[in-house]
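Since the structure is predicted, the reported quantities are computational estimates derived from the model, not experimental observations.
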Amino acid sequence: MTVQPMVWGVGTSAYGSFPDRRVETLAWDAVSEAVRDADISPGEIDAIIVGSVFGPPGVATRVQRGLGIPGVPMWTVENACASGTSAYHEAVEAVRLGRFGCVLVLGVDQMSTLFSGAIIPEATDPEGAASLPLPGLYALQAQRYLGEFDVAPEQLAAVAVKNKRNGLDNPRAQLRAVAPTVEEVLSSRMIAEPLTFLQCCPTSDGAGALIVGGQRGRAGDVVVEASAMVSGALWDHRSTDVWGFASVTRAAEKAFAQAGRTPADIDLLEVHDAFTIGEILTLEALGFAPRGKGAELAPSGHTARDGAQPVNPSGGLLSRGHPLGATGTAQLAEVVWQLRGLAGPRQVPHHEVGLVETMGGGAAGMDGNACVVTILSVPS
């Protein structure tokens, strides 16, 4: 007999550059809020799963010590940018199968003390040997996309305008300056052609937490209709899709099949927009637009906060920031707040079914480390 997994509570820290803060303090901000939100005591937690990419050795144990929750099973998941949602996926499966009744999921990373710019690629990979960090890899995606589908750079910039406008209403977002115009996005400093500075997410610190448990009849608990995780497949010059596209598609197909839904059923999304082209390609891979048409969604208003299917009402990675292990948990927290109708000035009008997608950058020769797609809904 399986159990219906539910999200009982969520919490996050602020997102930004906090080089003087310890990882444990960022985690405490998120976990304490999630525990209060779930209306449980720390003693009810049966297991802890931590998603982190650049945390210090023993990061989960350090967090466990700082939280004062000793003795329960605890482990760390590392799946690049999908680390937080991978930890969540394992918690969902553990609850569904009856292994644990109440699981704390934590995503946390403090990157400001490690990187001053783009993440340095692994030196043993061809990308590292060629000094091709992720902005360059995404720029290659964008160049191919612009050329193959005759897309204008202004359509990419519209994604940044939308998400940065959304971020103005997110008090926990790292970047909350005045929302730029398309012209200002395109005229900002070039990082990797055609991606300009305002089309790239910042280096960030932060934490996000969730309490996952079974059905208990409490108002505010959110149904996990589906959670699918796939690992990267082999990818090279023989692959017809750009890097990462197939991983998102495989995870989406599994999630929609589990939930018995189609993209038309989704009211709002939080997707992995580390760069503007990332949101566009992800929406196509998820099935929300045909190939070459994803670039039309932001300029048309379809994905605006008051549009038919809002995407990244939190401001996304472009505004909230991207502390790798904590990104997926921040996305999940936003969708839970939206489904409850508690997102304040960034609340979307229709909010019964939400989707979260997080794709982790991969080792050379693979189309990503992992991708997680999950579908959440309010109880019927």
Side-chain angles (χ1 to χ4, degrees), residues 1-13 23-24 26-52 55 59-77 79 83-108 207-229 258-259 325-326 328-337 339-340 342 354 356 358 372 374-380:
M1 181 177 178
T2 59
V3 175
Q4 172 61 63
M6 310 281 285
V7 176
W8 291 357
V10 296
T12 76
S13 69
V23 169
E24 295 93 324
L26 293 169
W28 175 249
D29 287 351
V31 172
S32 58
E33 182 179 21
V35 167
R36 290 193 305 270
D37 188 41
D39 194 23
I40 63 170
S41 67
E44 295 176 66
I45 294 171
D46 299 325
I48 304 171
I49 309 178
V50 178
S52 184
V59 60
T61 304
R62 295 169 188 271
V63 167
Q64 186 181 30
R65 177 191 63 193
L67 297 175
I69 309 176
V72 301
M74 172 275 303
W75 59 96
T76 306
V77 174
N79 256 341
S83 295
T85 36
S86 294
Y88 155 84
H89 175 78
E90 291 305 304
V92 166
E93 286 298 292
V95 168
R96 185 178 69 84
L97 297 173
R99 185 178 177 190
F100 300 114
C102 177
V103 182
L104 165 62
V105 178
L106 172 69
V108 62
L210 299 93
I211 305 296
V212 178
Q215 198 165 12
R216 57 177 181 167
R218 175 178 174 266
D221 290 355
V222 169
V223 178
V224 181
E225 291 194 2
S227 181
M229 188 189 82
Q258 285 178 27
T329 47
Q331 293 174 306
L332 287 160
E334 177 67 20
V335 167
V336 168
W337 288 325
L339 293 177
R340 291 172 172 171
L342 299 176
V356 171
T358 326
V372 175
T374 185
I375 297 173
L376 305 169
S377 67
V378 294
S380 56

Distance alone, cut at 3.5 Å: any donor-acceptor contact between the side chains of Gln331 and Thr85? no
Report yes or no: does Gln215 contribute a side-chain atom to a donor-acceptor pair with the main-chain N or O of Met6 at less than 3.5 Å? no
Please report the shortest heavy-atom distance between Pro379 and Val223, naming the atom on each side. CA-CG2, 3.9 Å
On a heavy-atom basis, the closest approach of Arg216 and Ile40 is NH1-CG2, 3.9 Å
Would you compute the distance between atom CD of Glu90 and atom CZ of Arg99 and round it to the nearest 0.5 angstrom? 9.0 Å
What distance separates Leu339 CG from Glu334 CD, expressed to the nearest 0.5 Å? 10.0 Å
Would one find more than 12 heavy atoms of other residues, nucleotides or ligands at under 6.0 Å from atom CH2 of Trp337? yes
Pick from Val7, Val212, Leu376: which one makes a side-chain contact (heavy atoms from CB on, under 4.5 Å) with Leu332? Leu376
Is it the case that the side chain of Thr374 and the backbone of Ala226 share a donor-acceptor pair, with hydrogens and angles ignored and the cut-off at 3.5 Å? yes
Rounding to 0.5 Å, atoms CZ (Arg62) and OG (Ser52) come to a distance of 11.0 Å
So, for Ser227 and Val224, which heavy atoms are closest and what is the spacing to 0.1 Å? CB-CG1, 4.5 Å
Sequence neighbours excluded, which residues qualify as side chain to side chain contact (heavy atoms under 4.5 Å, CB included) partners of Val72? Ile48, Gln64, Ile69
Within the distance-only criterion (no hydrogens, no angle test), does the side chain of Trp8 pair as donor or acceptor with the backbone N or O of Gly214 below 3.5 angstrom? yes
Beyond-backbone contact of Met229 with Asn79, side-chain heavy atoms, under 4.5 angstrom: yes
Locate the shortest heavy-atom distance separating Ala326 from Gly208; write the atom from each residue and the value. CB-N, 4.1 Å
For Thr12 versus Glu33, what's the shortest heavy-atom pair and its separation? N-OE1, 3.0 Å
Looking at every heavy atom in both Ala27 and Leu106, which two are closest together, and how far apart are they? CB-CD2, 3.7 Å
Please assess Trp75 against Val50 for the test side chain to side chain contact (heavy atoms under 4.5 Å, CB included), listing each intermediate value before the final yes or no. CA-CA 6 Å; Trp75 59 96; Val50 178; over 6 Å; no
Here the side-chain hydrogen bond (donor to acceptor under 3.5 Å, both in side chains) pairs for residues 34-47, sequence neighbours left out, are Asp37-Arg340, Ser41-Glu44
